[in-house]
Amino acid sequence: MGVELTAFFSGGDGWAQPWALDITLIESLRFRPPTGHTDMDVAIALPRLLHHDFVSHGTDG
């Protein structure tokens with residue numbers, strides 16, 4: 001089971017409240033993956049997160 005992209009964010013409901021990048025989680029990835037996930041799960045999820053962000057802000061308007 002991989003890491004869901006929403007795991008990198010805190011707060012927000014997708015409508016009225018904006019999503020905020022969970023900086024604490026991102027910084028903790030330097031030392032170890034989140035409990036229940038492997039390094040490979042994180043290694044796959046981070047590029048997916050970047051790809052989603054680039055597409056959302058670069059080519060989707």
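Only a predicted model underlies this, so the values are computations on that prediction, with no experimental measurement involved. Sequential numbering from 1 along the given sequence is applied to the chain's residues. All values below come from the heavy atoms of this structure, side chains included, with hydrogens, waters and symmetry mates left out.
A distance of 14.5 Å separates NE2 in His51 from CG in Leu46, rounded to the nearest 0.5 Å. In this structure, Phe8 CZ and Leu21 CG are separated by 9.0 Å, a value rounded to the nearest 0.5 Å. Note that the NE2 atom of His37 and the CD atom of Glu4 stand 8.5 Å from one another [nearest 0.5 Å].
Taken together through direct or relayed side-chain contacts under 4.5 Å among Ile, Leu, Val, Met, Phe, Trp and Tyr, Leu29 and Ile23 form part of one hydrophobic cluster. Linking Ile, Leu, Val, Met, Phe, Trp and Tyr whenever their side-chain heavy atoms come within less than 4.5 Å puts Leu25 and Val3 in one cluster.
In this structure, the side chains of Leu49 and Phe54 stay at 4.5 Å or more apart for every pair of heavy atoms. Between Asp41 and Pro34 the shortest side-chain heavy-atom distance does not fall below 4.5 Å.
Residues Pro47 and Val42 come closest through the heavy atom pair CD-O, 4.4 Å.
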